[in-house]
Enquirer: 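Got a structure for you, written out below as C-alpha cells; questions coming shortly.
Labels below follow one simple rule: chain letters A, B, ... track the order of the sequence lines, proteins then strands, and each chain is numbered from 1. Bear in mind the structure is a predicted one, so any value in this text is a computation, not a measurement.
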Amino acid sequence: MKFKVKIKRYNPETEQKPHFETYEVEADPGDRVLDVLHYVKWQQDGTLTLRRSCAHGICGSDAMRINGQNALACKVLVKDVVKEGGLLTVEPLLGLPLVKDLIVDMEPFFEHYRSVMPFLVNNDALPADGRERLQSPEARDRFDKGTWCILCAACTTSCPSFWGNDQYIGPAAIVQAHRFVFDDRDQGAADRLEVLGQQFGVWRCRTAFNCTNACPREIPVTQLIGEVKQALATGKLE
Amino acid sequence: MAAITSRFSSFVEGVLYRGREGHWAFIFHRVSGLAILLFVAIHVVDTSWVAYWPTSYEHAIGLYGSLPFLISEYFLFAAIVYHGINGLNIIIKDTFPSWWNKHLQANSFWKIIALSALCWLPAAYFVTLNIYNFHLCPALGGSCGGAEPPVPFAGLSITYLIVPVVSLILAAVLAYGGTFNQNVVAKAPRYVSVPGRNLETWSWLFMRWSGGLLLLLIWIHVLANALLTGAHHIDLAYVADRWAQPLNWGATFTILMLAVLHGLNGLRAVLGDYLHGQAANRAVAVVILIAWLVLTGLGAYAMFAGVQTA
C-alpha cells in the first residue's frame, strides 16, 4: 500500500525549531511503523535519525508519538494506523529535551528511575544454603506486573503532569518503586515511599490514564500508582 | 549540539496529545472545576452582602435572574454534575486501585457522561422554565405563572438528615477502603512505616473526603435554592428563613468551609502542575491562602452575623 508519512525533523546544528517533512512511502499492511522509518532512512533520506535496538518490543528504544499517541514503532502495524493513500504522523516523545529528529534525551527519565532505588534492599544474612531468598508464588505474583516494564518512557512522556513539570517523578519510576515496595523480600519500602510522598512524587498523578493506554507492555500503570498511593496513605502492603 | 526543551510547546502539544477517555475526563474535570471555583468565589462574596450591604445583595440576586446569567446556568450545572460524578468515579477507583483498568476506564467515561446528562436534564428544565416565565413570556406579552412564589421547601429540611447518614456510610467505605484491595491472595498484610503525612498527602486525602461530602451537600443546595426556588424568588427574607433553620444553616456553612478550600486547593494543584521553581509555588500558596482566608472569613462572618434588613 502507498501512503505518506509526516515526520518531525530537528537538526540542532542548523535549526532553531523542529519542522515536519513528508515522505511518500510504500509498505505492506503487515509492516511495522519501524519498517516505514527504515524505508525512509535507507531509501530516501539517510539523515533521518532515530533510536532502535532489538526492533522486537523488548529493548524499549523506539518509543515515539505515532499519530499523536505514544507507542513503540516496532510494535505498531501500518494497517492499524494508516489507510491506503492516508497520512501517518511520527513525532518524538513529548516532555523530554529533543536531541535530534526522533531522539530525545532520556537522562531526566532515568534520573527519576534511579531516585526510587530500583534494586532489592535486604540487609539480612543470606539463607543457610547461601543461595537464594525463597518467595511463595503468591508473593511473587503480587508485584509481577511491574516487572514487565522495559523503561521505554512511553508512559512518563504521555503524562500531563510530566509535560507540565519534568520534576514530577513520573509513572515509570512509580511502577519501578511498586515492583520493590510490594516485594516481600525487600526492606527498602520506607525509603522509597519517602521519595514518593514528596511534592513531586506520587500525588502529582491526576489519573489521566494516558500512561496505561500508552504502555506497550500492557502494565496497568494507573492501578499500580493507585496501590502506591494507598500504601502511602494507610501504611499497609497487601 | 544542544537539546531543546520548550515548556510552552509541550503544553500545547500535550493538549493535542491523542489520549483517550481518561485524558478527556481529566481535561473536563480541570475545566469544570475551575469554572465552579470562579462561580463559588462570586457566590460567596455576593451572598455575604446580606450581612454587609443588604441593598447590594438584592441587586446582585437580581443579576442572577437576568437572561445572560440564566443561560450561563446551563453550563454551570453541566460543570457541577460532571465534576461531581467524575470526582466520585476518581474517589471510588482510588479506593479500589484495581478498578483503574483499561476496560473500566473507557466504559465508565461514557457512563459518567450519560449519567451527567441525565442529572443535567432536570436542571436544564428548571432553567428553561425560569427563562420562559421571566424573560420569554413577558416579552411575548402573555400572562405568566412564574410570579407566584412556590413554597420554598418548607418542612422539607428533614431531607438534610440524608446528608449525614449517607456521608457516614461513604466515610466508612473510604476509611475502610484500603483493606479492600485484595486482588491477590495475601496471607497477612504487611505494614511499612510510611513518612509522616505532609501537605501533599493531606491535600490528596482532603480532596477525596471533601469531594464526597460536597457532592451530596452541593447537589441538595443547588436543587433546593437554584432550581426548585430559583433566583427570582430569593430575597433577604428567603435567606433569613433558610439560615434560621439550624440544619440548613449547618449544611450551608459546611459547604462554605469545604467548597472554597476544595476549589482553591484544586487551583493550587493545577497551577503547581505548570509552575517551576520553589519561589513561584510558594507565592501561589501564599496568594491562595490569603484568598481562602478572605473568602471563608467573609462568608463565615456573614453567616454568624445573619441577614440585615435593607
Side-chain angles (χ1 to χ4, degrees), chain A residues 10 12-13 16-18 65 67-70 91 94-100 104-105 138-139 141-142 158 160-161 163-168 181 184 189-190 193-194 197-199 201 203-204 206-210 212-213 220 222-227 229-238, chain B residues 1-7 9-11 13-14 16-23 25-27 29-30 90 93-102 105 177-179 181-187 189-201 203-205 269 272-276 281:
Chain A
Y10 169 64
E13 282 159 4
Q16 294 289 320
K17 273 163 61 177
R65 258 181 301 161
N67 279 354
Q69 194 170 17
N70 283 1
E91 295 160 279
L94 198 54
L96 288 169
L98 184 57
V99 176
K100 187 178 184 184
V104 292
D105 179 5
E138 291 80 19
D141 197 44
R142 181 65 190 89
S158 75
S161 301
W163 299 330
N165 196 332
D166 61 7
Q167 289 166 282
Y168 170 47
V181 165
D184 67 357
L193 291 176
E194 181 76 42
Q198 295 306 311
Q199 189 191 357
W203 306 121
R204 287 257 161 166
R206 315 286 182 214
T207 61
F209 215 71
N210 281 352
T212 310
N213 285 327
T222 315
Q223 177 192 334
L224 302 192
I225 295 174
E227 289 174 4
K229 285 175 183 167
Q230 285 287 345
L232 258 173
T234 62
K236 206 182 258 184
L237 306 170
E238 269 96 347
Chain B
M1 187 201 82
I4 52 162
T5 330
S6 167
R7 278 164 184 163
S9 77
S10 5
F11 175 77
E13 290 184 49
L16 299 174
Y17 182 84
R18 207 162 294 176
R20 293 202 51 79
E21 290 86 351
H23 194 219
F26 155 77
I27 291 172
H29 201 75
R30 292 221 142 161
I90 295 173
K93 288 184 180 169
D94 273 350
T95 312
F96 310 106
S98 65
W99 292 5
W100 281 120
N101 64 59
K102 268 188 191 180
Q105 182 59 11
T179 58
N181 306 319
Q182 310 269 0
N183 51 343
V184 289
V185 186
K187 297 291 182 301
R190 294 190 302 127
Y191 290 89
V192 59
S193 71
V194 286
R197 286 179 176 174
N198 56 15
L199 175 68
E200 300 304 325
T201 318
S203 147
W204 186 81
L205 289 167
D273 277 355
Y274 302 108
L275 281 175
H276 303 260
N281 272 295

Enquirer: Side chain, backbone, both or neither: which part of Asn101(B) has a non-hydrogen atom closer than 4.5 Å to chain A?
Expert: backbone

Enquirer: Less than 4.5 Å apart, any side-chain heavy atom of Val99(A) and any of Tyr10(A)?
Expert: no

Enquirer: Does any non-hydrogen side-chain atom of Leu193(A) lie less than 4.5 Å from one of Pro195(B)?
Expert: yes

Enquirer: May I ask you to test the Ile225(A)-Trp100(B) pair for a side-chain heavy-atom distance under 4.5 Å?
Expert: no

Enquirer: For the candidates Ala190(A), Gly197(A), Gly235(A), Gly226(A), which exhibits the highest count of non-hydrogen atom pairs separated by less than 4.5 Å from chain B?
Expert: Gly235(A)

Enquirer: Between Arg206(A), Gln199(A), Glu91(A), which has the largest tally of heavy atom pairs under 4.5 Å with chain B?
Expert: Arg206(A)

Enquirer: When only pairs under 4.5 Å are counted, which of Gly201(A), Pro220(A), Ala233(A) shares the most heavy-atom pairs with chain B?
Expert: Ala233(A)

Enquirer: Could you check which of Asp166(A), Asn67(A), Asp105(A) has the highest count of heavy-atom pairs closer than 4.5 Å to chain B?
Expert: Asn67(A)

Enquirer: Return the option, out of Arg30(B), Arg197(B), His23(B), with the maximum number of heavy-atom pairs under 4.5 Å with chain A.
Expert: His23(B)

Enquirer: Based on non-hydrogen pairs under 4.5 Å, which of Tyr274(B), Trp99(B), Trp204(B) is most in contact with chain A?
Expert: Trp204(B)

Enquirer: Locate the shortest heavy-atom distance separating Arg20(B) from Asn210(A); write the atom from each residue and the value.
Expert: N-OD1, 4.1 Å

Enquirer: Give a yes or no on whether the backbone of Pro160(A) and the side-chain of Tyr168(A) come within a donor-acceptor separation of less than 3.5 Å.
Expert: no

Enquirer: If you count heavy-atom pairs under 4.5 Å with chain A, which of Thr201(B), Ile90(B), Leu16(B), Val194(B) comes out on top?
Expert: Thr201(B)

Enquirer: If you count heavy-atom pairs within less than 4.5 Å of chain B, which of Gln198(A), Gln167(A), Arg65(A), Gln16(A) leads?
Expert: Arg65(A)

Enquirer: Between Leu96(A), Val104(A), Leu224(A), Thr207(A), which has the largest tally of heavy atom pairs under 4.5 Å with chain B?
Expert: Thr207(A)

Enquirer: Between the main-chain N or O of Asn70(A) and the side-chain N or O of Ser158(A), is there a donor-acceptor pair closer than 3.5 Å?
Expert: no

Enquirer: Is it the backbone or the side chain of Ile27(B) that comes under 4.5 Å from a heavy atom of chain A, or both, or neither?
Expert: neither

Enquirer: Determine, stepwise, if the pair Gln105(B) / Thr212(A) fulfils side chain to side chain contact (heavy atoms under 4.5 Å, CB included).
Expert: CA-CA 10 Å; Gln105(B) 182 59 11; Thr212(A) 310; over 6 Å; no

Enquirer: Would you confirm whether Arg204(A), through its side chain, and Gly272(B), through its main-chain N or O, come within 3.5 Å as a donor-acceptor pair?
Expert: yes

